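Computed from heavy atoms alone, side chains included, the values below leave out hydrogens, waters and symmetry copies. Since the model is a prediction, treat every value here as computed from it, not as a measurement.
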Amino acid sequence: MANKNLFETLTQYRLRVEKDGKDVVNVSSLFALPGLLMAPKLSLAGLIAAPLLGLRVHLESEDGEAVDVEDAVRKATDAVKESVVSTGRTIKEQVDKAWEAVSSDYPEEEAPENEEENAESPEAKDVSNEDIVEELKAHEEEDVPTIEVKPDDSDKA
């Protein structure tokens, strides 16, 4: 019985596509449903492109009752748009909270307020290039490893 009801329901509805009041496509939903199921992405692309091409898509019953597919697509688009906007707001709020938490964990270093602190800090020491070169030369001799190579006398014996 369920199959008969499904079959009857599908034959009661028709898919109509109009342009300027003239039917471009007028098919039973019995034939439109398999097309929708076999190529859902193509069907969705067609529903989205239809208004751009000046086409109106309707689903009509035998009683003359029409469901405007464009309104359904428009409502779904608005729902998706609102969802994306609210998700974007939520993400922005979470990022702002995380940034505030990170910023409070690592406060910016404050510069010393008086000159006495500046004079004692090692960064404030005035070093010239000549001092650096002399210090490098002094450590150069200590840091370079030396390898002593001696001839092998074992071959002579």
Which value, rounded to the nearest 0.5 Å, describes the distance between Glu93 atom CD and Asp96 atom CG?
-> 8.0 Å
With a 4.5 Å limit on heavy-atom distance, are the side chains of Ser29 and Leu15 in contact?
-> no
Non-hydrogen atoms of Ser43 and Gly35 that approach each other most closely | OG-O, 3.8 Å
Pair listing, salt bridge (Lys or Arg N to Asp or Glu O under 4.0 Å) test, anchored in residues 22-51, at least two apart = Arg16-Asp23
Co-members of Val84 in a cluster of I, L, V, M, F, W and Y side chains, linked at under 4.5 Å = Val80
Taking all atoms of both residues into account, what is the closest heavy-atom pair of Ala50 and Val57, and its distance?
-> CB-CG2, 3.9 Å
dist Lys97:NZ -> Glu100:CD (nearest 0.5 Å) comes out at 9.0 Å
Exercise: identify the closest heavy-atom pair between Leu53 and Lys19 | O-NZ, 3.5 Å
Tracing side-chain links under 4.5 Å among I, L, V, M, F, W and Y, which residues wind up in one group with Val95?
-> Ile91
Looking at residues at least two apart in the chain, or sitting in another chain, which of them share a salt bridge (charged side-chain N to carboxylate O under 4.0 Å, His left out) with Asp20?
-> none
By salt bridge (charged side-chain N to carboxylate O under 4.0 Å, His left out) - contacts of Arg14 (at least two apart) = none
Sorted by first residue and then second, give each salt bridge (Lys or Arg N to Asp or Glu O under 4.0 Å) pair with at least one member in residues 45-56; sequence neighbours left out.
-> Arg56-Asp68
Answer yes if Leu55 and Val27 sit in the same cluster of Ile, Leu, Val, Met, Phe, Trp and Tyr residues linked by side chain heavy atoms under 4.5 Å apart, and no otherwise.
-> yes
Shared hydrophobic cluster, Val25 / Phe31 (ILVMFWY, side-chain heavy atoms < 4.5 Å) | yes
